[in-house]
Amino acid sequence: MIAEKIGVLLLLCVSFFAADRNAVAQSAGQTPIIFDTDFVMPPHDDGMALMLALQSPEIEILGITTVAGNESLETATVDVLRMLEIAGQPEIPVYAGADMPLVHQKSEYAVSHYGRWYSNEPPQAPPGGFAARKAEEESAVSFIVRTVLASPGQVTIVAIGPLTNIAQAIRSDAEFAAGVKRLVIMGGAVAILPDGAGNITPNAEFNFWVDPEAAHVTLRSGIPIELSPLNVSRKSALTKDWYEKMVATDTPLTQLLKDTLGRRFAAEPDRSWFMYDQIAIASVIDPSLVKTERLYVDVNIDHGISYGVSVGGRDIWPGAEGAQQLNVQYDLDWPRFIEMFVARIQRGVADRQ
Ligand SMILES: [Ca+2]
């Protein structure tokens, strides 16, 4: 009981400072965000999405929360800490979140397909070694809930991994969902719109497939949601020419890209690559880069051939009762997006503000 009271007092003190920080961000015209990620270093999309966010003065990152997805939770956490160090912003706090999906168990299919969310192996050292700073003691879910409740209606969450942390936050506090200003999600694929096939199973997208139950809870939470699905990712095509423009300057970030993304283009100079999480972040910086349509979207949680498949419709259909309307991104102004992306990545630390 006493411990509980002390906990509440601590929470109130911490909340006061968090609210104060948000007030500062608002006055500067910045969008305060929580960056929720199954982080991996570039050339993976989470790595490049964080670079874009860190180099964009329109965004203030209140904290980064990690989740198992592309790699294990431990790898996501050590990689993101190192990325912040390389970017010269190690003061941004990192909170470790869920190390497994809510329900989805490791399977032979999971092991043989993309993503190592089930892995228990110790993380390998990121480029340049482990960061000096460690993750915070507080859990990701506790940080997410406390930060949102300290400034109701002000905090945007950008979730670019499986939605495990977000679903846990929704379940842990009845006030939480109503307090979130907006949730931007990279996830899903919508068959009713062009380019709506899946990328893990024929119809399921990776983030939703890894934790379908979390996606189901999140999409039905009542939080205002903008979905950045595979449909819009497939409007992108990162080529060697754009990569070379990106690394035309010499900064710690462009050096990291030369060491990672550069290898990809050295091996396959004529291939182009989709961009995923980068588009979700870019749409927070400049919403006019994407076109959206209002659709009801739900996620299949039956353990059969459509496990983790997102289904979108213009009207509610049988079985989707209770599904929520979301803004679904389906088109991208690719030339403006890639020019902005390249310009932001090129920036030196001194140009950032
Ligand atoms: Ca991701």
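Counting starts at 1 for both ligands and their atoms, in listed order. As a basis for the values below, the full set of heavy atoms in this structure was taken, side chains included, without hydrogen atoms, waters or symmetry mates.
A cation-pi contact, defined as under 6.0 Å to the ring centre and within 45° of the axis, links Arg271 to Trp273.
Counting just the N/O/S atoms of Asp277, the one with the shortest distance to the Ca ion (ligand 1) is named OD2. Among heteroatoms of the N, O or S kind in Asp38, OD1 lies nearest the Ca ion (ligand 1).
Under the 30°/60° scheme for interplanar angles, the aromatic rings of Trp117 and His104 are found to be tilted. Using cut-offs of 30° and 60° for the angle between ring planes, the Tyr276 and Phe274 rings count as perpendicular.
The nearest N, O or S atom of Val40 is not closer to the Ca ion (ligand 1) than 3.0 Å. At a cut-off of 3.0 Å, Asp45 is not counted among the residues with an N, O or S atom near the Ca ion (ligand 1).
Rounding to the nearest 0.5 Å gives a distance of 9.5 Å between CD1 of Ile185 and CG of Asn207.
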